[in-house]
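Working notes, beginning with the structure itself.
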Amino acid sequence: MATSLFSDIEYLKGVGKTKGEKYRKLGITSPYELIYHIPRNYLDFRAYVPIMQAELNDYNVLKLTITSKNTPQRIRGKLVICNAAATDGIDTITVTVFNNVYAFHALEIGGTYYMYGKVSGNFLRREISSPVYIQSDEKVLIQPIYKLTQGLTVNMVRNDMRKALDIMHSEPFETLSDDIMQKYQLMPLMQALENIHFPQSNSAAELARKRLAFDELLKLQLGMLMMKNRRKKSTAFVMDKNICINEFFENLPFTMTDGQYQAVSEIIDDLCRNTPMNRLLQGDVGSGKTAVAAAVCCFAVKNGFQAAVMAPTEILAIQHAKTFTSFLEKFGIKVALLTGSTTAKNKRKICHELIDGEIDVLVGTHAIIQKDIEYKSLALVITDEQHRFGVAQRNALAEKSDFPHKLVMSATPIPRTLALNIYGDLDISSIKQLPKGRSPVNTYAVTGKKREGAFGFVRARLDEGRQAYIVCPMIEDSESDLFAVKTYAENAAKSTLKGYSTALLHGRMKAAEKEKVMKQFSDGEIQALICTTVIEVGVDVPNAVVMVIENAERFGLSQLHQLRGRVGRGKYESSCILITDNRNEECIRRMKVISSTTDGFKISEEDLKMRGPGDFFGNAQHGLPPLKIADTFCSMELSAVTRECAENLLSDDPMLDKPENHALKMETIKLFNKDITG
């Protein structure tokens, strides 16, 4: 029997071993974790309607008294159907329960219940199917809906939650001081946990959610600020500001923009301090972040140190290695490439040259953070497309040295306030100008009816000697109506692109195959590259002037902008054609936004507004701890407030060592799953 919030969940009264295993599938191992299993929604049983006023083929709440029950009927093997007759005092309705004899038996003849379920039928006969129900004498009529797993029902979780909350009341706890709760008008934590699960009113549930969201965001801000404070330890790699890299700028095949020079200046200032740099360099597609990165690598190497650059894909790592080599080798700076496809022999050679200091800049994928990779004097660590790596991967590269300087780059430009929420442990540099000579990409959104016309336009560009990308959302055919790149490539070679050299590129191909195809495309041997989003970042082929994106509705605004950035990289006028037959309001709005502007900052703001509580980057790839209640992308105001609170707390107690902050420190460490104070 669970006597503590931190006992094993199976010892909570009524749970047991079997149900305990089901809870573990949800990541719940104790009553304490159960009370933080926050409802995803609520059922308000107060809003019930008479049977004849129920919306047919929709979900309704009814107040019903059971008048009779039929014997459960087994049909089609395992399917069990249970029927009961019920009344609201005026009309009758059939209550149907599928495959849940236990729930059906719990309904008593003469008993009155609030029931929520889908109502079907006609004017004469109505039925409510598989309803969620509570007894009419239940005092709490706003009931929580939880994320479940097979074998756990809403009622089971509610009953177990009640028991866990009873234990909580016998073990009172609080993480915030009275002063903070008063200043920010927050309800006490135990009251919030009670009201998030069993609210007496909608406003009580809202206040509970505000308190718990505040807690989560505060812990997030505290963790990021404490990680930022950790780098105030001395670095072993203080650089000399008098080292000149003018020859780097003079030998570039283009003139850097003011924004690029400003970013280089900010980064070099950081590199010359005795605390490790921790900076985000963000800029629009094609704004020249790679040239900035190469410049600061040149500065680091001229100071006698090594640099490492980590990219999320092999294609991007290969592209970076070529670009860095072209920028740096003329100054005697040796660049090497290391990916998962590097042969064992070459990897051994790279390892020896790294430790001997013969390699100045190592470019690669996550392979460069493997345990057997050691450096002689790694002073500068750069991660590109940071949101595709977790914080842990970024830190793993930094741990290859003694407090090196860290630069992370992102081509997903975001508003500064949002950047502070996501990258709160970083300083921020932004490049908002595009290099001279860059022409905006003409963007058109069309339906499938205009596909032939779109490909007529593509063929005309190919006939001029230019090249094209055709992007599909899937690799192989599925039951959906989405275009799959393999079949698409086969069909295109026989029809719309017959007579032109085409090739296929997708993420499941071997690295050597991908590299070969990209080289052929870069060399102009392939006219049209039919691919997935594997070309989303880093691919630079100036002769490619047109892109067609099929099923454009499947991509977020920022991703469409990233894809579009693969064209318009040379002196030729470029175009992007988005094809979609989806006519819903949101899709039309997105197509209008992407067609009307090429400003990545504007696009990302619109993307953020449209997605609301959704994950701005997709699949939680930004590397933050998972949040259950707060959403960093829609709780902007609350984020700002919690950041202020976190800064005030840490200015008074930098390591949260005071007794009144102990619980908050432990919760922050738990959220980040590591000690962020060391």
Side-chain angles (χ1 to χ4, degrees), residues 22 26 39-159 161 197-199 202 205 478-481 581-587:
K22 299 184 192 309
L26 295 172
R40 56 184 173 83
N41 211 333
Y42 297 93
L43 279 181
D44 189 347
F45 286 100
R46 298 172 305 173
Y48 64 90
V49 296
I51 291 171
M52 296 313 292
Q53 288 182 24
E55 290 283 336
L56 290 180
N57 301 311
D58 203 350
Y59 286 84
N60 298 264
V61 177
L62 308 176
K63 187 177 183 181
L64 303 173
T65 300
I66 304 297
T67 55
S68 65
K69 295 168 70 176
N70 297 332
T71 304
Q73 301 293 312
R74 185 178 298 276
I75 61 172
R76 293 200 307 273
K78 295 182 179 179
L79 179 62
V80 179
I81 297 181
C82 309
N83 288 321
T87 179
D88 62 1
I90 302 172
D91 297 292
T92 60
I93 192 170
T94 299
V95 178
T96 302
V97 178
F98 297 97
N99 277 354
N100 195 339
V101 177
Y102 173 81
F104 181 70
H105 285 326
L107 293 171
E108 297 179 357
I109 294 175
T112 302
Y113 305 88
Y114 293 103
M115 292 190 172
Y116 171 83
K118 191 171 187 178
V119 175
S120 58
N122 51 44
F123 184 74
L124 297 174
R125 182 184 178 280
R126 299 205 167 180
E127 177 181 23
I128 184 168
S129 300
S130 299
V132 175
Y133 64 86
I134 59 172
Q135 293 184 344
S136 62
D137 59 358
E138 170 65 56
K139 292 177 182 176
V140 179
L141 295 183
I142 302 174
Q143 292 282 338
I145 299 297
Y146 298 99
K147 179 183 176 184
L148 302 171
T149 189
Q150 190 170 5
L152 279 181
T153 66
V154 172
N155 283 337
M156 284 178 188
V157 177
R158 281 201 210 107
N159 292 336
M161 190 68 72
H197 294 292
F198 299 107
N202 291 330
S478 68
E479 291 180 8
S480 72
D481 57 358
D581 287 317
N582 188 313
R583 305 303 295 160
N584 74 38
E585 191 177 328
E586 185 195 347
C587 180

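- Across every non-hydrogen atom of I66 and A86, the tightest pair is CD1-CB, 4.1 Å.
- Checked by atom type and distance alone, the side chain of D88 never pairs as donor or acceptor with a backbone atom of P50 at under 3.5 Å.
- Considering every non-hydrogen atom in both I142 and D44, the closest pair reads CG1-OD1, 3.9 Å.
- In this structure, Y133 and E138 have side chains that are not in contact, with every pair of non-hydrogen atoms separated by 4.5 Å or more.
- Between Q143 and Y114 the shortest side-chain heavy-atom distance does not fall below 4.5 Å.
- Taking CZ from F198 and CG from L141, the interatomic distance works out to 12.5 Å, rounded to the nearest 0.5 Å.
- The shortest heavy-atom contact between H105 and P72 is CE1-CG, 4.5 Å.
- When side chains are defined from C-beta on, F98 does not count as touching V80, because their heavy atoms never get closer than 4.5 Å.
- Interatomic distance, R40 CZ to L148 CG, rounded to the nearest 0.5 Å: 7.0 Å.
- Judged purely by atom type and a 3.5 angstrom limit, N70 has no side-chain atom pairing as donor or acceptor with the backbone of A84.
- In this structure, F45 has its ring center no closer than 6.0 Å to that of Y116.
- More than 12 heavy atoms of other residues, nucleotides or ligands lie within 6.0 Å of OH in Y42, so this atom counts as buried by the packing criterion.
- Of all heavy-atom pairs spanning R126 and I93, the tightest one is O-CG1, 3.1 Å.
- From R74, atom CZ reaches atom SG of C82 across 9.5 Å, with rounding to the nearest 0.5 Å.
- The two atoms that bring Y146 and R158 nearest to each other are CE1-CG, 4.2 Å, heavy atoms only.
- A donor-acceptor contact shorter than 3.5 Å is absent between the side chain of T112 and the backbone of S136.
- Taking OG1 from T94 and CZ from R125, the interatomic distance works out to 4.5 Å, rounded to the nearest 0.5 Å.
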Criterion side chain to side chain contact (heavy atoms under 4.5 Å, CB included) on N202 and R46, from CA distance to verdict: CA-CA 11 Å; N202 291 330; R46 298 172 305 173; 3.6 Å; yes
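- Without hydrogens or angle criteria, Q73 side chain to T71 main chain gives a donor-acceptor distance under 3.5 Å.
- For the residue pair S129 and T96, no side-chain donor N or O sits within less than 3.5 Å of a side-chain acceptor on the partner.
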Check against side chain to side chain contact (heavy atoms under 4.5 Å, CB included), V61 and L43: CA-CA 9 Å; V61 177; L43 279 181; 5.6 Å; no
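- When all heavy atoms of P131 and V95 are compared, the pair lying nearest together is CG-CG1, 3.9 Å.
- Going from atom CG of L62 over to atom CD1 of I51 covers 6.5 Å, rounded to the nearest 0.5 Å.
- A distance of 11.0 Å separates CD1 of I134 from CE of M115, quoted to the nearest 0.5 Å.
- T67 places a side-chain N or O within 3.5 Å of a backbone atom of A85 that can act as its donor or acceptor partner.
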